[in-house]
Protein chains: 4
Amino acid sequence: MSNRQQKHKEHIQAFSPFRHRMHEIIFEAETPLGKWFDIALMFLIIVSVLAVAIESLPGLSENTKHALYVLEWILTIFFTLEYVMRLYVVYRPIKYATSFYGVVDLLSIIPTYLSLFILHSNSLMIIRALRLLRVFRIFKLAAYTQSGNFLVKAIKESIPKIVFFLFFILITVCVFGSVMYLIEGGREDSAFDSIPKSIYWAIVTITTVGYGDISPTTGLGQFIASFMMIIGYAIIAVPTGIVTSEMVTGRKEPDEVQEVLAEACMYCMKEGHESDAIHCKYCGEELNPVHNRIDNKEDAL
Amino acid sequence: MSNRQQKHKEHIQAFSPFRHRMHEIIFEAETPLGKWFDIALMFLIIVSVLAVAIESLPGLSENTKHALYVLEWILTIFFTLEYVMRLYVVYRPIKYATSFYGVVDLLSIIPTYLSLFILHSNSLMIIRALRLLRVFRIFKLAAYTQSGNFLVKAIKESIPKIVFFLFFILITVCVFGSVMYLIEGGREDSAFDSIPKSIYWAIVTITTVGYGDISPTTGLGQFIASFMMIIGYAIIAVPTGIVTSEMVTGRKEPDEVQEVLAEACMYCMKEGHESDAIHCKYCGEELNPVHNRIDNKEDAL
Amino acid sequence: MSNRQQKHKEHIQAFSPFRHRMHEIIFEAETPLGKWFDIALMFLIIVSVLAVAIESLPGLSENTKHALYVLEWILTIFFTLEYVMRLYVVYRPIKYATSFYGVVDLLSIIPTYLSLFILHSNSLMIIRALRLLRVFRIFKLAAYTQSGNFLVKAIKESIPKIVFFLFFILITVCVFGSVMYLIEGGREDSAFDSIPKSIYWAIVTITTVGYGDISPTTGLGQFIASFMMIIGYAIIAVPTGIVTSEMVTGRKEPDEVQEVLAEACMYCMKEGHESDAIHCKYCGEELNPVHNRIDNKEDAL
Amino acid sequence: MSNRQQKHKEHIQAFSPFRHRMHEIIFEAETPLGKWFDIALMFLIIVSVLAVAIESLPGLSENTKHALYVLEWILTIFFTLEYVMRLYVVYRPIKYATSFYGVVDLLSIIPTYLSLFILHSNSLMIIRALRLLRVFRIFKLAAYTQSGNFLVKAIKESIPKIVFFLFFILITVCVFGSVMYLIEGGREDSAFDSIPKSIYWAIVTITTVGYGDISPTTGLGQFIASFMMIIGYAIIAVPTGIVTSEMVTGRKEPDEVQEVLAEACMYCMKEGHESDAIHCKYCGEELNPVHNRIDNKEDAL
C-alpha cells in the first residue's frame with residue numbers, strides 16, 4: 001500500500017460515525033433510509049425540472065411567476081446543502097467533484113446563482129434533468145439482473161461499430177449535401193443557400209426525419225433526394241443488425257451472473273462491485289469499512 | 001374453500017340453464033353460437049365506429065346526419081342491452097364491471113346518453129374501437145399456437161427493458177430541448193418559445209417524425225439538431241434489438257405448448273386456461289361447472 | 001385421370017410444334033431465346049412506363065407530345081399482339097387470363113384504347129410497371145438459391161403475425177385520432193376538422209412519416225402527440241423482430257434445397273417445380289411434354 | 001510468370017530506395033511514419049472540406065473570403081504534389097490512376113484549377129470528403145478484428161437481397177405514385193402535377209421521410225397514403241431482418257480470423273492480405289519485395 005493510500009485510509013477512519021452514516025444515506029441505496037433519500041431526491045429534481053419548464057411558458061401570471069421563483073430558490077438552496085454534504089461525507093472529495101455526477105451536481109445549482117447577475121441563465125437549470133440518470137443506480141439491483149446485464153454489455157460492444165458506421169454516414173451526407181448545393185443552390189430563394197445547410201438537409205433526409213423546411217424543388221434534386229432516402233431506408237438496417245446480433249449472441253453465454261452491489265467504492269467512486277466483494281476491484285481498498293468495523297465489533301461481543 | 005367462495009359457488013349453481021347458456025354465448029367463443037355472437041358484435045362495433053367517424057365530417061346533408069343519428073341510437077340501445085345482459089349472466093358482476101373490457105363496454109355506451117345533455121360528447125363514442133381488441137379473443141385459438149404464444153411472451157418480456165430505454169430517451173429530449181430553447185428561443189418569432197415546446201420538438205426529432213412545424217433556423221441550432229437526429233437514428237436499434245433478441249431466444253425453447261381455452265374462468269374472469277384444465281389456475285374454482293354438471297348427468301344415465 | 005383432364009391433354013398434344021416453341025419462348029426463361037424474350041419485354045415495359053411518366057410532365061413541346069403519342073401506340077400494339085399470342089400458346093387460356101399476370105397483362109393494354117374515348121385515362125397505363133414483377137421469374141434461378149428461398153419463406157410466415165400487429169396499430173390510431181379530434185378539433189382553422197382526418201394524422205405520426213400538413217398546436221395536443229410518437233418509435237421493433245426472428249430461425253434449418261425450374265406448369269400455370277420434377281406437383285400433369293417428346297424421339301433414334 | 005509481369009517486376013526492382021521508402025510512407029499505414037502521413041493527410045482533408053463548406057456561407061467578409069481562397073490554393077497545391085508523388089512511387093501508375101482512390105484523388109484537385117475558368121466550380125472540391133474513406137485503411141487493423149471482419153462480410157452478403165427488395169419497393173412506388181397522380185393530380189394547384197413528382201412523393205412517404213412539401217389533400221388520397229405508410233412501416237422490417245440474420249448467422253462461425261495487413265499489393269493495388277502472406281492472393285506477385293530484400297540483406301550479413 002502506497003504512502004498516499006495509507007494516508008487516505010487514516011483520513012477515512014478518522015470520520016465520525018455520523019459522517020459514515022450520512023455517506024451511507026447519500027451515496028448508497030442499499031439501506032432503507034438511503035433508498036428513501038434517493039427517491040425523495042428524484043422527486044425534488046423532477047419538481048425542479050418541471051418548474052423550470054413551466055417558467056419558460058409565455059403568458060404566466062405575476063403570482064405564478066413569483067411562486068416559481070420562490071420554489072426555485074428553495075430547491076436550489078436544498079441542492080446546494082446536499083452538494084456541500086456530499087463533499088463533506090465523501091471519502092475522496094476531489095474524485096467526486098470531478099466525476100460525471102459531481103460535475104452535474106455542481107452545474108445544476110450554479111445557474112440559479114448566476115441568474116442574479118445574468119438574465120435568463122436560469123434556463124440552464126434544466127441540466128438538473130441529468131441528475132435523474134441516478135435513477136439507474138437506485139434500481140440497479142433490478143436492472144443488473146441476468147438480462148439487464150447482458151443488455152448493457154451488448155450496447156457497449158456495439159458502440160465502436162456504430163461509430164464507424166456513423167463516420168461512413170457523415171461522409172455520405174457531406175458528399176450528397178454538396179451535390180444538392182450545386183444542383184439546387186443556384187436558384188433565387190433556394191433553401192439550399194450554403195453547403196453546411198445542404199449537409200443539414202442531407203442529415204434530415206437520410207435519418208428519415210424530413211422536416212420539410214428545406215426540400216428539393218428541381219426534378220434532378222428530387223431524383224437525387226429519392227436516391228438518398230432509399231439508401232437511408234436500407235442502411236438503417238446496419239446499426240439495428242449490429243445491436244441485435246450483439247444481443248442475440250451475448251444472450252447465448254448466460255454465464256454465472258453475480259448480484260451487483262448498489263454501492264460505490266468510497267475511495268475511487270467506482271460502482272459495479274459484486275455482492276461478495278470485500279475489496280474494490282478497481283483500487284483494492286476495502287469496501288464498506290464501516291460495516292465491516294461494526295461487524296467486527298459485533299463479532300467481538 | 002373459504003366461506004365467501006362457498007357462497008359464490010352456490011350463487012352460480014343457482015343460475016338457470018338459460019343464464020348459463022347466455023354466459024356461454026356472450027363470454028365464450030368456443031361454441032358456434034358464441035363465435036357468431038362475437039363476429040356479429042365486431043361487425044356492429046365497426047359500423048358504429050364508422051358512423052361516428054363519418055358524422056364528424058364537415059358538409060354532410062341533413063338527411064345523412066339524421067340517418068346517422070338514428071343508427072347511433074339503435075346501436076347504443078343494443079350495446080346497452082348487451083352490457084346489462086353481460087352483468088346478468090356473468091358469475092362475478094363486480095369483477096367484470098371493473099375489468100378492462102367491463103370498463104370499456106360501459107364507457108362505449110355512456111357518450112350517446114351524455115350527448116343529450118352535453119354537445120359533441122358523442123365523439124367520445126369512438127372509444128368503442130377499443131372493444132375491437134376482443135377480436136384477439138375470438139381468434140385466440142389461432143393466435144395462441146406455438147408461434148403466437150412465444151411472440152406475446154417475447155413482447156411482454158421486452159417491455160420493462162424498453163421502458164428503461166424510454167426513460168433514458170426522456171432525459172435526453174429534456175436536455176436537448178432545453179439547449180435548443182436557449183439557442184433558438186431568444187429570437188423574435190422563433191417557434192422555440194418555451195421549454196415544453198422545445199422538448200416537444202426534441203421528441204418529434206428523435207423519433208424521426210419531423211413535422212417541420214418547429215425547426216431550427218440558426219446554424220448552431222441546426223448543428224445540434226443534426227447531432228440529435230443521428231443519435232435518434234442510431235439508438236432506434238436498441239428497442240429493435242431488445243424485442244428481436246427476445247423473440248429469437250424465446251423461439252429456441254419450443255417447450256410443449258398447450259392448446260388454450262377461449263374461455264374465461266367464470267369466477268375471477270381470468271383467461272388463458274389450458275385445454276385440459278378443470279380448475280382455474282388463478283383462483284382454484286372449477287372451470288365450466290355447467291358443462292361438468294351436464295357431463296356428470298350424462299355419466300349417471 | 002378425370003375426363004376433363006384427359007380432354008385437356010389431348011388438346012395440348014394437338015398443338016403444332018410452332019405453338020409449343022412459342023410457349024417455351026414466351027412463358028419460360030429456361031432457353032436462351034426465352035430469356036432474351038423476357039429481357040426485351042422488360043426493356044419495352046420500362047420504356048413504356050418512362051413514356052407515360054414523361055408525358056405527364058407539364059410544359060412539354062407539341063413535338064415531344066406527338067412522339068410520345070406515337071411511341072405509346074406502337075408499344076400498346078406490340079403488347080396487344082403479345083397478349084393475344086400468350087392466349088394462343090398457353091395450354092389453359094382461361095387459367096392464364098384470370099391469373100395475376102394475365103389480368104395485369106390485359107389491364108396494361110386497355111388504357112391506351114380507352115384514351116380514344118376518355119381523356120387522361122392513359123395515365124392508367126402505369127399499371128404496366130406491375131409487369132416488371134416478372135423480373136423475379138427471369139432471375140428466379142439466382143434468387144431461389146439456398147438463401148433466397150428461406151428469405152421468401154420467412155417473409156411469408158411473418159405476414160399473419162404482422163397483419164395482427166397492424167390490426168392492433170389500426171385500433172390505436174383510431175383511438176388516438178379521435179382523442180386528438182376532441183382536443184384540437186374545436187378551434188377555428190384547426191387542421192383536425194374531422195375524425196377521419198385526425199386518424200390520418202395519427203397514421204402519419206405513428207409511422208414516423210410526419211408530413212406536418214396537420215400538426216397539433218395546443219399544449220395538450222402536443223403532449224399526446226409526443227406520447228404517440230414514442231409509442232410508434234418503440235413498437236416499430238415488433239414487425240422487425242418478427243421478420244428477423246423468422247429469418248434467423250429459418251436459416252438454421254438449411255435442409256436440402258432443390259434447384260427450382262423457371263418454368264410454369266403448362267396446365268395449371270403454377271410455378272416452383274423442382275429441377276428433377278417430371279409431373280406438376282399441383283395438378284399431376286406432365287411438365288414440359290414437348291421436351292420429353294423430343295427427348296423420347298432422340299432416345300428412339 | 002508472363003512476359004509483362006517479368007517486365008513489371010524488373011521495373012519495380014529498378015526503383016531507388018527513396019522511391020521504395022516514399023511508397024511505404026504514402027501507400028502503407030504499417031510504419032509509424034506511414035501512419036503519421038495518413039493522419040496528417042486526413043487532417044488536411046478535413047480542413048479543406050471545412051474551408052469549402054465555410055466559403056459557401058452567405059455574408060462572409062472580404063478578408064475571410066480572401067483567407068479561405070489562399071488556404072484553398074495552398075491545400076490544392078499540396079494535394080497536387082501528393083498526387084504526383086503517388087503516381088511516381090506507385091508500382092503500377094495506371095492501375096492506381098484508374099482505381100477508386102486514384103480517381104477520387106484526381107477529382108479532388110481539378111475543381112480548384114477549373115475555378116480559374118468556370119465560376120463556382122470549386123464547390124465540387126467537396127468531393128475531397130470521399131478521400132476520408134481512407135480512414136478505414138488507417139484503422140483497418142482495429143476494424144478487421146474478429147467482429148469487424150464478419151460485419152463487413154454480413155453487409156456484403158446482404159446487398160444482393162436488399163437490391164432485390166429495393167427493386168420491389170421501386171415498382172410499388174411507381175404504381176402508388178401514379179395512382180395518387182390520378183386521384184390528386186386533377187385539381188387546380190395540386191402538388192401532384194406529374195407522375196415523376198408523384199413517384200417522388202411516394203418515395204418520400206414509403207421511406208417515412210415525409211417532408212410535407214407534397215401531401216394529399218383529398219380524402220381518398222389520404223386514405224391511400226395511409227395505406228402506403230403502414231406498408232412502409234411494416235416492410236422496413238425486411239432489410240433489417242436480412243442484415244441482422246446475416247450478422248447473427250455469420251457470427252456463429254467464428255472460424256480462425258487472420259490479422260490483416262494494412263498494406264496494399266504494390267502490383268495490383270488490392271488490399272486485405274493476411275499477415276503471413278508473402279505473395280498477393282490476387283495477382284501472385286510478391287508482397288513487399290523491399291522489406292523482403294532488406295530482410296534478405298540482413299540475413300546475408
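- Rounding to the nearest 0.5 Å places CD1 of A/I230 at 5.5 Å from CG of D/L170.
- Proximity of a side-chain donor or acceptor of A/Y233 to a complementary backbone N or O of D/G232 within less than 3.5 Å is detected.
- In this structure, chain D has no heavy atom under 4.5 Å from any part of A/I235.
- Counting all heavy atoms, side chain and backbone alike, A/S245 lies closest to D/M247 at CB-CB, 3.7 Å.
- Heavy-atom distances place no part of D/I199 under 4.5 Å from chain A, backbone and side chain included.
- Partners of A/P216 under the side chain to side chain contact (heavy atoms under 4.5 Å, CB included) rule, at least two apart in sequence or in another chain, are A/M180, A/E184, A/F192, A/W201, A/Q222, A/A225, D/Y200, D/Y211.
- The two residues D/A53 and A/P196 have their closest heavy-atom pair at O-CD, 3.2 Å.
- When every heavy atom of A/I236 is checked against every heavy atom of D/I236, the shortest pair comes out as CG2-CD1, 4.1 Å.
- With a threshold of 4.5 angstrom between heavy atoms, D/L130 approaches chain A through its backbone and through its side chain.
- Between A/I171 and D/A129, the shortest heavy-atom contact is CG2-O, 3.7 Å.
- Rounding to the nearest 0.5 Å gives a distance of 9.5 Å between CG of D/L166 and CD1 of A/I231.
- Taking each heavy atom of D/T244 and A/G241 in turn, the nearest pair found is OG1-CA, 3.3 Å.
- With rounding to the nearest 0.5 angstrom, the OG1 atom of D/T207 is 11.0 Å from the CD1 atom of A/I206.
- Most heavy-atom pairs under 4.5 Å with chain D, from the set A/T205, A/V238, A/I195: that is A/I195.
- Contacts from residues 64-71 of chain D to chain A, taken as heavy-atom pairs separated by less than 4.5 Å, involve no residues at all.
- Counting heavy-atom neighbours within 6.0 Å of A/F100 CZ, excluding the residue itself, gives a total above 12.
- The contact between D/L57 and chain A is made by backbone and side chain atoms together, counting heavy-atom distances below 4.5 Å.
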